[in-house]
Enquirer: 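Have a look at this one.
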There are 2 protein chains.
Amino acid sequence: MDTEEMQQAETPVAKVKSRGRPREFDHEEALDKALNVFWKRGYEGASLSELTDALGINRPSLYAAYGNKEELFRKALDRYMSGPVAYAPDALQEPTARKVVEKFLTDSAALLANPDTPHGCMLVQGALSCGEGAQSISKLLAEYRNRFQQALRLRFEKAQAEGDMPATIDVAAMARYVVTIHQGLSVQGTSGATHKELLGVVGTVMANWPSP
Amino acid sequence: MDTEEMQQAETPVAKVKSRGRPREFDHEEALDKALNVFWKRGYEGASLSELTDALGINRPSLYAAYGNKEELFRKALDRYMSGPVAYAPDALQEPTARKVVEKFLTDSAALLANPDTPHGCMLVQGALSCGEGAQSISKLLAEYRNRFQQALRLRFEKAQAEGDMPATIDVAAMARYVVTIHQGLSVQGTSGATHKELLGVVGTVMANWPSP
DNA sequence: ATATTTTTATACCAATCGGTAAATAAATAT
DNA sequence: ATATTTATTTACCGATTGGTATAAAAATAT
């Protein structure tokens, strides 16, 4: 018991003493750099040379750590979902449909024109159109997009049940409408629109939002 | 004089008797096939092999007729603008701002989910994100997108002057809003949304359109 | 000290990328 | 008939693509 505790004290956090030569780069830090490249270039536009340059490692290290290009993309995408885009599922928790949409679109405007990250949404520009070899990625991204749209529709159904959205509204069309705005904002951001300009669009949307 | 007239009678339309071996494919017909490939695959996603296969010609013929891949794309884009997308400038001629937007978005819905052509808008998915070598194309497409947005803004200014749009409205934001919808619809179409589903979104937009 | 395990670095792979040289084929001009 | 012009065919080019075989390097286990 005592000796085991001493060993744990040597390596205080979760860094279990591994056997072979230690990795010289930070696994998750490098994943963030890969995310940045894929976010900006898209799946096909990001070459392995640009990826290894950005990560500061060579090709065999990348393959040993992440599998291959597609698996690296999927892992970067996971980081994107749980990091920059985590605001989206959060927005569904707002108390009214109006506040849900206002938070979702306002936070989207901030993300999609953030000067510190690539512009636009990775789910949109990651592989919107592509060659034959990237269609599994294209489908994956479309699934993620549709998933949120469905979650939004369910949220609107709840809003109707709670009386903060008119019962006459077609919630499926309304959810598709809001997601359409988001995806349009993504294209706008990619084209160089500023945060303020995107907020102007969001203001236009909210000014015309149906009152309950 | 007589002999010249006889020659013209032999080739009645504009087909001037050219010197060398005649081209075995129709120049504009092949351009339409190239348009289809670029529209579906994007600039980078369309390989020269796929292009020559679709056009039914071999590589040197393509280069002799159109220059290179980038010039072929630009010529296909011209066809796209004067063909499938000609409805957009037409919509600006409608008598009121509301009718302008309604026609623009309704016709967009028909185009972006047309089962007979690639889905989505070529101006959006032609090169939304791309590698270093396609950025001139990416900028070109963004220019086209911004051009229509500006034309729409000018049309809304006219509408305000004519009293069919509230003077309180920020026309720049409103134009950006409408173009954002179009671009979002494009992403939706690419993801497989049907014509009817896109019309549902257009209906939601028009239901909330500000009355003059 | 030696063996084992894992990562790194170098060098390389076949396939595909966009693009072209050279020769043949098919038309007109003289 | 011959020369000239243009298009097609075949074969190829260097560069880049995603991916790997091999061996040296750096750690731990015994």
Side-chain angles (χ1 to χ4, degrees), chain A residues 3-4 6-8 10-11 15-27 29-30 34 37-38 41-76 127 130-137, chain B residues 3-4 6-8 10-11 15-27 29-30 34 37-38 41-76 127 130-137:
Chain A
T3 56
E4 282 177 0
M6 290 295 283
Q7 266 192 337
Q8 281 191 349
E10 273 185 344
T11 59
K15 197 175 285 179
V16 182
K17 205 176 274 183
S18 59
R19 199 74 188 301
R21 176 173 176 171
R23 170 177 291 133
E24 291 182 359
F25 63 97
D26 184 280
H27 191 274
E29 197 176 315
V37 175
F38 280 128
R41 297 286 188 199
Y43 177 71
E44 283 184 323
S47 72
L48 273 176
S49 297
E50 187 173 3
L51 285 165
T52 52
D53 283 358
L55 273 59
I57 65 180
N58 45 33
R59 219 167 277 210
S61 294
L62 188 152
Y63 277 80
Y66 306 103
N68 59 16
K69 188 185 180 185
E70 179 165 343
E71 287 183 36
L72 176 60
F73 182 88
R74 296 181 115 98
K75 281 159 184 158
C130 57
E132 202 74 50
Q135 286 193 328
S136 63
I137 294 294
Chain B
T3 55
E4 283 178 359
M6 289 296 281
Q7 267 192 337
Q8 281 192 348
E10 273 186 342
T11 59
K15 198 175 284 178
V16 183
K17 205 175 275 182
S18 60
R19 202 65 192 305
R21 174 173 177 171
R23 169 177 292 131
E24 291 182 359
F25 63 95
D26 184 279
H27 192 275
E29 197 176 315
V37 174
F38 280 128
R41 297 284 188 199
Y43 177 71
E44 284 184 323
S47 72
L48 273 176
S49 296
E50 186 172 4
L51 285 165
T52 52
D53 282 359
L55 272 59
I57 65 181
N58 45 33
R59 220 167 276 210
S61 294
L62 188 152
Y63 276 81
Y66 306 103
N68 59 17
K69 186 185 181 184
E70 179 165 342
E71 288 183 36
L72 176 60
F73 182 89
R74 296 180 115 98
K75 282 160 184 157
C130 56
E132 202 74 51
Q135 287 194 328
S136 63
I137 294 293

Enquirer: Mark yes or no for whether A/Tyr43, through its side chain, and A/Gln135, through its backbone, hold a donor-acceptor pair below 3.5 Å.
Expert: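 Flag not set: sc A/Tyr43 to bb A/Gln135 has no pair under 3.5 Å.
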
Enquirer: How close do B/Ala65 and B/His27 get, heavy atom to heavy atom, and via which atoms?
Expert: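 That closest heavy-atom pairing would be O-NE2, 3.5 Å.
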
Enquirer: To the nearest Å, how far apart are B/Tyr63 OH and D/dT8 C1'?
Expert: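 Answer to the nearest Å: 16 Å.
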
Enquirer: Using whole Å, what does the distance between atom P of nucleotide D/dT17 and atom CG of A/Asn68 come to?
Expert: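 Answer to the nearest Å: 17 Å.
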
Enquirer: Is a donor on one side and an acceptor on the other found under 3.5 Å between the side chain of A/Glu50 and the backbone of A/Val37?
Expert: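 Such a contact is absent between A/Glu50 side chain and A/Val37 backbone.
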
Enquirer: Grab the CD-C1' distance between A/Glu132 and D/dT17 for me, whole Å please.
Expert: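 Going from A/Glu132 (CD) to D/dT17 (C1'), I get 17 Å.
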
Enquirer: Check this one for me: any side-chain N or O of B/Ser18 less than 4.0 Å away from OP1 or OP2 of C/dT28?
Expert: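 For B/Ser18, the contact criterion (side-chain N or O under 4.0 Å from OP1 or OP2 of C/dT28) is not met.
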
Enquirer: How many whole angstroms separate atom NZ of A/Lys69 from atom P of D/dT20?
Expert: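 Atom NZ in A/Lys69 sits about 14 Å away from atom P in D/dT20.
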
Enquirer: Hey, what do you get for OH (B/Tyr63) to CD1 (B/Ile57), rounding to the nearest 0.5 Å?
Expert: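 So the OH of B/Tyr63 and the CD1 of B/Ile57 are separated by 11.0 Å.
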
Enquirer: Establish, yes or no, whether the cationic atom of A/Lys69 lies under 6.0 Å from the six-membered ring centre of A/Phe38 and within 45° of the ring axis.
Expert: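 Pair A/Lys69/A/Phe38 does not count as cation-pi.
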
Enquirer: Can you check whether B/Gly131's main-chain N or O pairs, donor with acceptor, with B/Glu44's side chain at less than 3.5 Å?
Expert: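 Looks like yes, one N/O pair under 3.5 Å.
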
Enquirer: Report the distance from atom NE2 of A/His27 to atom P of C/dT6, rounded to the nearest whole Å.
Expert: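 Answer to the nearest Å: 15 Å.
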
Enquirer: Looking at side-chain heavy atoms only, is the closest gap between B/Arg74 and B/Ile137 below 4.5 Å?
Expert: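 When only atoms from C-beta onward are counted, B/Ile137 and B/Arg74 do touch, with a gap below 4.5 Å.
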
Enquirer: Please enumerate all protein N or O atoms sitting under 3.5 Å from an N or O of nucleotides 13-16 of chain D, with distances to 0.1 Å.
Expert:
none

Enquirer: Rounded off to whole Å, could you give me the OH-to-P distance for the B/Tyr66 and D/dA7 pair?
Expert: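 Atom OH in B/Tyr66 sits about 12 Å away from atom P in D/dA7.
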
Enquirer: Reading nucleotides 8-15 of chain C from the 5' end, what letters show protein touch, with B for base, S for backbone sugar-phosphate only, - for no heavy atom under 4.0 Å?
Expert: SBB-----

Enquirer: Kindly point out which of D/dT4, D/dT20, C/dG18 is positioned nearest to the side chain of B/Arg19?
Expert: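 Among the listed nucleotides, the one closest to the side chain of B/Arg19 is D/dT4.
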
Enquirer: In whole Å, I'd like the distance from the CZ atom of A/Phe73 to the C1' atom of D/dG18.
Expert: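 In whole Å, D/dG18 C1' lies 16 Å from A/Phe73 CZ.
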
Enquirer: Would you say that A/Glu71 contacts A/Asn68 through its side chain, given a criterion of any heavy-atom pair below 4.5 Å between the two side chains?
Expert: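 A side-chain contact exists here, since the closest heavy-atom pair is under 4.5 Å.
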
Enquirer: Say you draw a straight line from OG of A/Ser61 to CD of A/Glu24; how long is it, rounded to the nearest 0.5 Å?
Expert: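 Answer rounded to 0.5 Å: 8.0 Å.
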
